[in-house]
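To start, the structure under review is shown below, and the notes come after it.
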Amino acid sequence: MMPSLPLPFVGALLLAILGARLVAGGEPGRRITPQVVFVAACTLDLVVVGLRWSTDLAAIRALQPVVAATLPPLAWLCFAGLTRPRTRTLWHLLPVALVALLSGIWTVWRAPIDAVLAVIFLGYAAALLRLASRGPDALAAARLGDAPAAIRAMRLVGLVLAGFALVDLAIALDVAVSAGRHAALIVAAANLIALPAGAWAIATTGLAPPPQPAAPMEPPQAKTAQDDEPAADEDDLAEDQAIIDRLDALMRDRAPYRDPDLTLDRLARRLGLPARRLSAAVNRRLDRNVSQLVNDHRVAEACRLLSTTDEPVTRIMFDAGFQTKSNFNREFRRVTGTTPSGWRRDRRGRGMV
């Protein structure tokens, strides 16, 4: 009879492989990223769940909520590195310390650890979903091509954390009703289903900020009092239009959209503006976010190259500033309604090439 391997260990093995691939594919000196740490924590959580499922040792029961408490802060930190201002990491150790304390004194006082975990997971879920609701421009340090995917990943991870909060409440109810008879099974099933989804979303989304340039690309202009907050009154609409005019001139004369590492921060710095000010002007005057605006210019450049050259589509994709084929095809179809190859064939069929 072949020995059976608990399913959480299988999930842990798959996540360990994913983590190893992240480390191997990382840039030298930046291999241990928040994403790697999060995947490692998910792997450890599944290992602990597997041990709880198969052994139910007292030490494992005490360790499990502590490991679980690390997941929401780590998930937040994966995305917080793309925002401004930077988050303070040490504050996010407090929830973990609280759960560790409650778990350590469990034999003296049976604190409602599951309820505390539910509050922690719900709090971070709400924070992620709130940040995601602000759109790609909230991630000022993200590559503009990666920002929409990062927002989608943030929403998924926020929903996963909210789901874990419901699981913790279900465990608390099970403890109250049946003395925790089904708690281990509930935890194992939830972790096995949700953890790989959250880990995959974070691991496969471009969440690493690009290397920062040593100095601003152009000298910043004098900052006005209105630069600190988005403009809202009618008098500021003219200033919004002036910003859009400067942005159009920059796009036309310098083509910064061709830089695949372009971020909202970098683009705003080239205009001598705070990122929030530039984002607000684009949102109000053009009814879109900066990522969409930059991708519009990238698609226009791709169309020009498709019409005037015989370069392969993949080469044109990189020359226009896109990094991935999926993003290129998605944005090209959004703007033109067709694929790059279809657009080129159509233009050639009309005798325009």
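Checked against salt bridge (Lys or Arg N to Asp or Glu O under 4.0 Å), Arg304 has the following partners two or more places apart in sequence or in another chain: Glu301. For Phe328, the ring pair (Phe, Tyr, Trp, His ring centres under 6.0 Å) test picks out Phe322, Phe332, with sequence neighbours left out. Applying the salt bridge (Lys or Arg N to Asp or Glu O under 4.0 Å) criterion to Asp245, with sequence neighbours excluded, gives no partner residue. Partners of Arg334 under the salt bridge (Lys or Arg N to Asp or Glu O under 4.0 Å) rule, at least two apart in sequence or in another chain, are Asp296, Glu331.
Atom CG of Leu247 and atom CG of Leu293 lie 5.5 Å apart (nearest 0.5 Å). Residue Phe318 holds its CZ atom at 8.5 Å from OG1 of Thr324, rounded to the nearest 0.5 Å. Considering CZ of Arg270 and CG of Asp265, their distance stands at 14.0 Å, rounded to 0.5 Å. The distance from atom CG of Leu128 to atom CZ of Phe79, rounded to the nearest 0.5 Å, is 6.5 Å. Atoms CG and OG, on Leu267 and Ser279 in that order, are 10.5 Å from each other to the nearest 0.5 Å. Annotation: the span from Leu156 atom CG to Ile151 atom CD1 amounts to 13.0 Å, rounded to 0.5 Å.
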Run the side-chain contact (heavy atoms from CB on, under 4.5 Å) test on Leu264 and Asp137 for me, step by step, so that the C-alpha distance in whole Å, both residues' side-chain angles and the decisive distance to 0.1 Å come before the verdict.
CA-CA 7 Å; Leu264 175 57; Asp137 286 356; 4.2 Å; yes
Can you list the steps and then say if Asp248 with Arg252 is a salt bridge (Lys or Arg N to Asp or Glu O under 4.0 Å)?
CA-CA 6 Å; Asp248 287 342; Arg252 182 179 60 252; over 6 Å; no
Pair Asp240, Arg285 - check salt bridge (Lys or Arg N to Asp or Glu O under 4.0 Å), show working.
CA-CA 7 Å; Asp240 284 347; Arg285 300 301 294 174; 5.7 Å; no
Please determine whether salt bridge (Lys or Arg N to Asp or Glu O under 4.0 Å) holds for the pair Arg298 and Asp259, giving the CA-CA distance in whole Å, both sets of side-chain angles, and the decisive distance to 0.1 Å.
CA-CA 10 Å; Arg298 287 171 172 168; Asp259 177 10; over 6 Å; no
Chi angles and distances behind the side-chain contact (heavy atoms from CB on, under 4.5 Å) call for Asp146, Gln323
CA-CA 9 Å; Asp146 293 337; Gln323 281 189 304; 4.0 Å; yes
If you apply the rule side-chain contact (heavy atoms from CB on, under 4.5 Å), what do you find for Val67 with Val47, and how did you get there?
CA-CA 10 Å; Val67 175; Val47 170; over 6 Å; no
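Looking at heavy atoms from C-beta onward, Leu77 lies out of side-chain contact with Phe38 at the 4.5 angstrom threshold. Met251 is listed as a side-chain neighbour of Pro256, based on a closest heavy-atom distance under 4.5 Å. Contact of the Leu144 side chain with the Asn295 side chain is not registered, since no non-hydrogen atoms from C-beta on lie closer than 4.5 Å. No side-chain heavy atom of Val157 sits under 4.5 Å from any side-chain heavy atom of Met154. Proximity of Val290 to Pro136: side-chain heavy atoms (C-beta onward) are nowhere separated by under 4.5 Å.
The list of ring-ring contact (aromatic ring centres under 6.0 Å, His included) pairs with a residue in residues 255-275, not counting sequence neighbours, reads Tyr257-His297. Judged as a salt bridge (charged side-chain N to carboxylate O under 4.0 Å, His left out), not a single pair has a partner in residues 120-131 (not counting sequence neighbours).
Counting all heavy atoms, side chain and backbone alike, Leu139 lies closest to Ala147 at CD1-O, 4.1 Å. Among all heavy-atom pairs drawn from Leu271 and Leu278, the shortest one is CD1-CD1, 3.8 Å. Closest approach of Ala150 to Leu82, counting heavy atoms only: CB-CD1, 4.4 Å. For the pair Val96 and Pro73, the tightest heavy-atom approach, listed with the atom from each and the gap, is CG2-CG, 4.4 Å. Considering all non-hydrogen atoms of both residues, Pro65 and Val99 come closest at O-CG1, 3.4 Å. Across all their heavy atoms, Ala162 and Ala125 have their closest contact at N-CB, 3.6 Å.
Checked by atom type and distance alone, the side chain of Gln292 pairs as donor or acceptor with a backbone atom of Asn289 at under 3.5 Å. With hydrogens and angles disregarded, a donor-acceptor distance shorter than 3.5 Å links the side chain of Thr309 to the backbone of Leu305. Arg288 places no side-chain N or O within donor-acceptor distance of the main-chain N or O of Val282, the cut-off being under 3.5 Å.
The same ILVMFWY cluster, assembled from side-chain heavy atoms under 4.5 Å apart, contains both Leu98 and Trp76. Both Val313 and Val299 are members of a single hydrophobic cluster when ILVMFWY side chains are connected at heavy-atom separations under 4.5 Å. In this structure, Val37 is a member of the same hydrophobic cluster as Val160, with clusters built from ILVMFWY side-chain heavy atoms closer than 4.5 Å. Both Trp109 and Leu117 sit in one connected hydrophobic cluster of ILVMFWY residues. Membership requires side-chain heavy atoms under 4.5 Å apart, directly or through other members. In the hydrophobic clustering of this structure, Leu161 does not group with Val119; members are Ile, Leu, Val, Met, Phe, Trp, Tyr whose side-chain heavy atoms approach within less than 4.5 Å, directly or through other members.
Applying side chain to side chain contact (heavy atoms under 4.5 Å, CB included) to Val48 and the options Asp45, Leu46, Leu44 leaves one that passes, Leu44.
Remark: Asp287 CG is loosely packed, at most 12 non-hydrogen atoms of other residues, nucleotides or ligands lying under 6.0 Å away. Enclosure of atom CZ in Arg330 by more than 12 non-hydrogen atoms of other residues, nucleotides or ligands within 6.0 angstrom is indicated.
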